[in-house]
2 protein chains.
Amino acid sequence: MATTSTSGTGCPVYLGANVFGDRWTLLILRDMMLHGRKTYGEFLESGEGISTNILASRLRSLEEEGVVWRRQDPQNRRSFHYGLTEKGMDLIPLLLEIIRWTGRHFTMNQARTDLVRRIETDRDGLVAEIRDRALSITAG
Amino acid sequence: MATTSTSGTGCPVYLGANVFGDRWTLLILRDMMLHGRKTYGEFLESGEGISTNILASRLRSLEEEGVVWRRQDPQNRRSFHYGLTEKGMDLIPLLLEIIRWTGRHFTMNQARTDLVRRIETDRDGLVAEIRDRALSITAG
DNA sequence: GTTGAGGACTTGCATTATGCAAGTGATTAA
DNA sequence: TTAATCACTTGCATAATGCAAGTCCTCAAC
């Protein structure tokens, strides 16, 4: 599945689809961006029930693509932290665009509706906020 | 407009991923949005080589989701035209966001680079332009 | 320092999705 | 009336996914 940048037609959509055109990958990125999750165990807990082997393979390919980094926790050496690289943080607008679209075409609860409104009225501010939170995880 | 969520947690990203979180689906949408393709045969010709059964199943589910419509060509009754619904056209910004991201993180040719610049400097104008072209297909 | 629990993964195997080649059925142009 | 188009199905081999269980550290408690 994971193809190199030389294969295909060189089409941007094709290249992008090879990186994040996968339901589980998008959900992992969502958990990093919006829910502050950072460890393998935390990603497993996300409501949708990703299985362990898939989670491992997706994290590995995201790391290989340079979208996320992985570091051993110095405080607890059996734990590893995952986080967004600059390339990964540059996907925040894309994720917000997904949420905006879904918000316009599906019904959802108040909290979600509020988030969609925020995306439509203050997209850049929200991107900056999410980015800052991600950076604080990098630093911690 | 508003569809109800049957599966998952109701998370917007999850819902969205179920509609377009698939490499072939994204490429079909790209062909509609950027290359003016509208028939089964034209989608098959796209460089990446989608197979016939997958193309059929993706077009069917996009139609079921209300993202694309399908009509028999009155001039040639064995041909069918596919096009973007309003819900589908509302995915144009998302597709452009994919292209923008890829443009920033992969190397690509001049034409693609120009498109990325256009996305960054005149996103709304470009969205309107693509939308108008899609509408003209609807009318034709 | 041994025991047990965490944490992050592998591995094996059944099920499902994909990819390829070939076939079908309804038009339509020759 | 025949041959070519067009939009698909169908059958089957291969690859990806999902589930349960197991492995290999590391850490905390006794």
Side-chain angles (χ1 to χ4, degrees), chain A residues 1-4 7-9 14 17-29 31-32 35-65 68-83 137 140, chain B residues 7-9 14 17-29 31-32 35-65 68-83 137 140:
Chain A
M1 177 190 149
T3 329
T4 55
S7 69
T9 50
Y14 182 85
N18 280 332
V19 177
F20 51 75
D22 166 281
R23 125 222 202 79
W24 293 121
T25 302
L26 287 172
L27 295 177
I28 292 169
L29 292 172
D31 286 345
M32 284 188 185
H35 302 316
R37 290 194 237 265
K38 51 189 180 309
T39 67
Y40 184 91
E42 286 169 356
F43 296 126
L44 272 185
E45 285 165 11
S46 320
E48 291 89 359
I50 186 171
S51 50
T52 58
N53 53 348
I54 304 296
L55 175 57
S57 89
R58 293 302 184 277
L59 285 172
R60 191 179 310 121
S61 78
L62 279 171
E63 199 190 347
E64 283 167 5
E65 288 287 348
V68 311
W69 48 257
R70 185 186 105 117
R71 277 191 292 111
Q72 197 170 36
D73 180 357
Q75 264 67 56
N76 180 356
R77 286 161 31 84
R78 65 199 150 163
S79 176
F80 291 84
H81 285 188
Y82 291 89
I137 287 175
Chain B
S7 56
T9 50
Y14 182 86
N18 279 332
V19 177
F20 51 74
D22 166 280
R23 126 221 201 82
W24 293 121
T25 302
L26 287 172
L27 295 177
I28 292 168
L29 291 172
D31 285 345
M32 285 189 184
H35 302 317
R37 291 195 238 264
K38 50 188 181 308
T39 67
Y40 186 90
E42 286 169 356
F43 295 126
L44 273 185
E45 286 165 12
S46 320
E48 291 89 358
I50 186 171
S51 51
T52 58
N53 53 349
I54 304 296
L55 175 57
S57 89
R58 293 302 184 277
L59 285 171
R60 191 180 309 122
S61 79
L62 280 171
E63 198 190 348
E64 283 167 5
E65 288 288 346
V68 312
W69 47 258
R70 186 186 105 117
R71 279 191 292 109
Q72 198 169 35
D73 181 357
Q75 264 67 54
N76 180 354
R77 285 159 32 80
R78 68 201 149 160
S79 176
F80 291 84
H81 284 188
Y82 291 88
I137 287 174

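Reckoned from all heavy atoms, side chains included, excluding hydrogens, waters and symmetry mates.
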Send over the distance from [X] [atom1] to [N] [atom2], rounded to a whole Å.
| X | N | atom1 | atom2 | value |
| --- | --- | --- | --- | --- |
| B:Leu59 | D:dC6 | CG | P | 16 Å |
| B:Leu27 | C:dG19 | CG | C1' | 15 Å |
| A:Ile54 | C:dT11 | CD1 | P | 14 Å |
| A:Phe43 | C:dC9 | CZ | P | 10 Å |
| B:Arg71 | D:dC6 | CZ | C1' | 17 Å |
| B:Ile50 | C:dT18 | CD1 | P | 10 Å |
| B:Glu42 | D:dA7 | CD | C1' | 13 Å |
| B:His81 | D:dA7 | NE2 | P | 8 Å |

Which angle, to the nearest 10 degrees, lies between the helix axes at the two ends of the helix from C:dG1-D:dC30 to C:dA30-D:dT1, each defined by five pairs?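 The end-segment axes of the helix from C:dG1-D:dC30 to C:dA30-D:dT1 are tilted 10° relative to each other.
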
Tell me whether A:Tyr40 contacts the main-chain N or O of A:Thr52 through its side chain, where contact means a donor paired with an acceptor under 3.5 Å.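 Judged by distance alone, yes, a pair lies under 3.5 Å.
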
With a 4.0 Å cut-off on heavy atoms, is A:Arg23 in touch with a base, just the backbone sugar-phosphate, or nothing at all?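 No contact at all - A:Arg23 keeps every heavy atom at 4.0 Å or more from the nucleic acid.
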
For B:Asn76, report the nucleic acid contact type (base, sugar-phosphate, nothing); a contact means any heavy atom under 4.0 Å. sugar-phosphate

Side chain of [X] (C-beta onward), nearest among [options]:
| X | options | value |
| --- | --- | --- |
| B:Phe80 | D:dA7, D:dT17, D:dT9 | D:dA7 |
| A:Tyr40 | C:dA8, C:dT27, D:dC8 | C:dA8 |
| A:Ser79 | C:dC9, D:dT9, C:dA8 | C:dA8 |
| A:Tyr82 | C:dC20, C:dC9, C:dT28 | C:dC9 |
| B:Ser51 | C:dC9, C:dT18, C:dG19 | C:dG19 |
| A:Arg78 | C:dC9, C:dA22, C:dG6 | C:dG6 |
| A:Thr39 | D:dC8, C:dA8, D:dC6 | C:dA8 |
| B:Arg70 | D:dT17, D:dC8, C:dT18 | D:dC8 |

Measuring from [X]:[atom1] to [Y]:[atom2], what's the distance to the nearest 0.5 Å?
| X | Y | atom1 | atom2 | value |
| --- | --- | --- | --- | --- |
| A:Leu59 | A:Met32 | CG | CE | 6.0 Å |
| A:His81 | A:Gln72 | NE2 | CD | 10.5 Å |
| A:Arg58 | A:Leu27 | CZ | CG | 11.0 Å |

Are any of [X]'s side-chain N or O atoms less than 4.0 Å away from OP1 or OP2 of [N]?
| X | N | answer |
| --- | --- | --- |
| A:Trp24 | D:dT17 | no |
| B:Arg58 | C:dT18 | yes |
| B:Arg77 | C:dG25 | no |

Determine whether the side chains of B:Asp22 and B:Thr25 contain a donor N or O and an acceptor N or O closer than 3.5 Å. yes

Can you confirm whether [X] sits close enough to [Y] that some side-chain heavy atom of one is under 4.5 Å from a side-chain heavy atom of the other?
| X | Y | result |
| --- | --- | --- |
| B:Arg37 | B:Tyr82 | no |
| A:Leu62 | A:Ile28 | yes |
| A:Val68 | A:Arg70 | no |

Would you mind telling me which residue lines up with the more 5' stretch of DNA chain D, A:Asp73 or B:Ser57, judged by nearest nucleotide?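 Closer to the 5' end of DNA chain D: B:Ser57.
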
